[in-house]
Amino acid sequence: QAQLTESGGGLVQAGGSLRLSCIASASIFSINSMGWHRQAPGKQRELVAVITSGGHVIYGDSVKGRATISRDNAKNTMVLQMNSLKPEDTGTYYCTADGNTVEEGYREFWGQGTLVTVSS
């Protein structure tokens, strides 16, 4: 089954750090971009960071300077490291990937999401 699986969310104190991981199932191949989006309660979903297969990275304005995204193309994995966390970083973080499957062709995949809560 083609899926993205996130891990690493939880409760963190303001000023702390977190590390989110995402792994794409082996049935997803030729992955181009992988990224993280988040959604806070009552707010629109926003981009956190995205990384292409070639290593080009884009960060959302709200996390620039505090986030680092990386990926291992051979293992279909991606990691987001965030430091100096703020209460406004609270939200559900979703892993995304643009890739292919035999059954569905090329499309965007989303994980189930992992909740991050930053306490003040």
Side-chain angles (χ1 to χ4, degrees):
Q1 182 178 0
Q3 62 182 11
L4 303 176
T5 304
E6 303 107 333
S7 61
L11 177 63
V12 184
Q13 285 192 334
S17 299
L18 65 78
R19 182 181 174 90
L20 300 181
S21 298
C22 175
I23 182 167
S25 61
S27 58
I28 304 175
F29 59 94
S30 298
I31 297 175
N32 184 11
S33 297
M34 295 187 78
W36 292 93
H37 290 71
R38 69 185 182 189
Q39 187 164 23
K43 295 187 178 181
Q44 288 188 327
R45 194 170 290 179
E46 65 172 342
L47 171 71
V48 178
V50 64
I51 182 169
T52 69
S53 58
H56 181 64
V57 175
I58 296 174
Y59 293 103
D61 289 340
S62 60
V63 302
K64 281 182 181 177
R66 301 187 296 123
T68 302
I69 189 172
S70 60
R71 65 186 280 185
D72 184 328
N73 293 332
K75 296 181 179 179
N76 273 9
T77 58
M78 175 181 60
V79 171
L80 177 71
Q81 176 74 36
M82 285 188 63
N83 303 317
S84 303
L85 287 167
K86 307 173 183 179
E88 49 264 44
D89 292 317
T90 294
T92 300
Y93 285 67
Y94 297 92
C95 172
T96 63
D98 296 331
N100 283 281
T101 64
V102 172
E103 296 82 8
E104 300 179 83
Y106 188 82
R107 72 171 180 90
E108 184 177 53
F109 295 86
W110 285 72
Q112 291 296 310
T114 185
L115 179 62
V116 173
T117 303
V118 183
S119 63
S120 58

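All values below come from the heavy atoms of this structure, side chains included, with hydrogens, waters and symmetry mates left out. No experiment lies behind these values; they were computed from the predicted model shown.
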Any sub-3.5 Å donor-acceptor pair from [X]'s side-chain atoms to [Y]'s backbone N or O?
| X | Y | answer |
| --- | --- | --- |
| Tyr59 | Ile69 | yes |
| Glu6 | Gln112 | yes |
| Thr96 | Trp110 | no |
| Asp98 | Asn32 | no |
| Ser25 | Gln1 | yes |

Exercise for review: Give a yes or no on whether a salt bridge exists between Asp61 and Lys64, defined as a side-chain N under 4.0 angstrom from a carboxylate O.
Suggested key: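 Counted as a salt bridge, because a side-chain N and a carboxylate O are separated by less than 4.0 Å.
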Review point. For Glu104, does the CD atom sit with more than 12 other heavy atoms under 6.0 Å from it, leaving out its own atoms?
Key: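 Counting neighbours around CD of Glu104, more than 12 heavy atoms of other residues, nucleotides or ligands fall under 6.0 Å, so yes.
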Practice item. Could you tell me whether Arg45 atom CZ has more than 12 heavy atoms of other residues or ligands within 6.0 Å of it? Key: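 Correct, the count exceeds 12.
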Shortest non-hydrogen separation from [X] to [Y] and the atoms involved:
| X | Y | answer |
| --- | --- | --- |
| Ile28 | Gly99 | CG2-CA, 4.1 Å |
| Ser27 | Ala2 | OG-CA, 3.2 Å |
| Cys95 | Leu4 | O-CD1, 3.4 Å |
| Ser17 | Leu85 | C-CD1, 3.7 Å |
| Ser119 | Leu11 | CB-CD1, 4.2 Å |

Answer yes or no: is there a side-chain heavy-atom contact under 4.5 Å between [X] and [Y]?
| X | Y | result |
| --- | --- | --- |
| Val63 | Arg38 | yes |
| Phe29 | Val102 | yes |
| Val79 | Arg19 | yes |
| Arg71 | Cys22 | no |
| Val116 | Asp89 | no |

Between [X] and [Y], is there shared hydrophobic-cluster membership here, with clusters defined by ILVMFWY side-chain heavy atoms closer than 4.5 Å?
| X | Y | answer |
| --- | --- | --- |
| Ile23 | Met34 | no |
| Met78 | Leu18 | yes |
| Trp36 | Val57 | yes |
| Phe109 | Val50 | no |

How many angstroms lie between atom [atom1] of [X] and atom [atom2] of [Y], to the nearest 0.5 angstrom?
| X | Y | atom1 | atom2 | result |
| --- | --- | --- | --- | --- |
| Thr68 | Asn83 | OG1 | CG | 6.5 Å |
| Asn76 | Ile31 | CG | CD1 | 4.0 Å |
| Leu80 | Tyr93 | CG | OH | 7.5 Å |
| Ser7 | Leu20 | OG | CG | 8.0 Å |
| His37 | Thr92 | NE2 | OG1 | 14.0 Å |
| Ser70 | Ile51 | OG | CD1 | 6.5 Å |

Check your understanding: Cluster partners of Tyr106, using ILVMFWY side-chain heavy atoms under 4.5 angstrom, listed by chain and number?
Key ->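 Members other than Tyr106 - counting any ILVMFWY side chain reachable under 4.5 Å - there are none.
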Review point. Which is it for Ser62 and Glu46 under the side chain to side chain contact (heavy atoms under 4.5 Å, CB included) test, yes or no, and what are the steps along the way?
Key: CA-CA 9 Å; Ser62 60; Glu46 65 172 342; 3.7 Å; yes
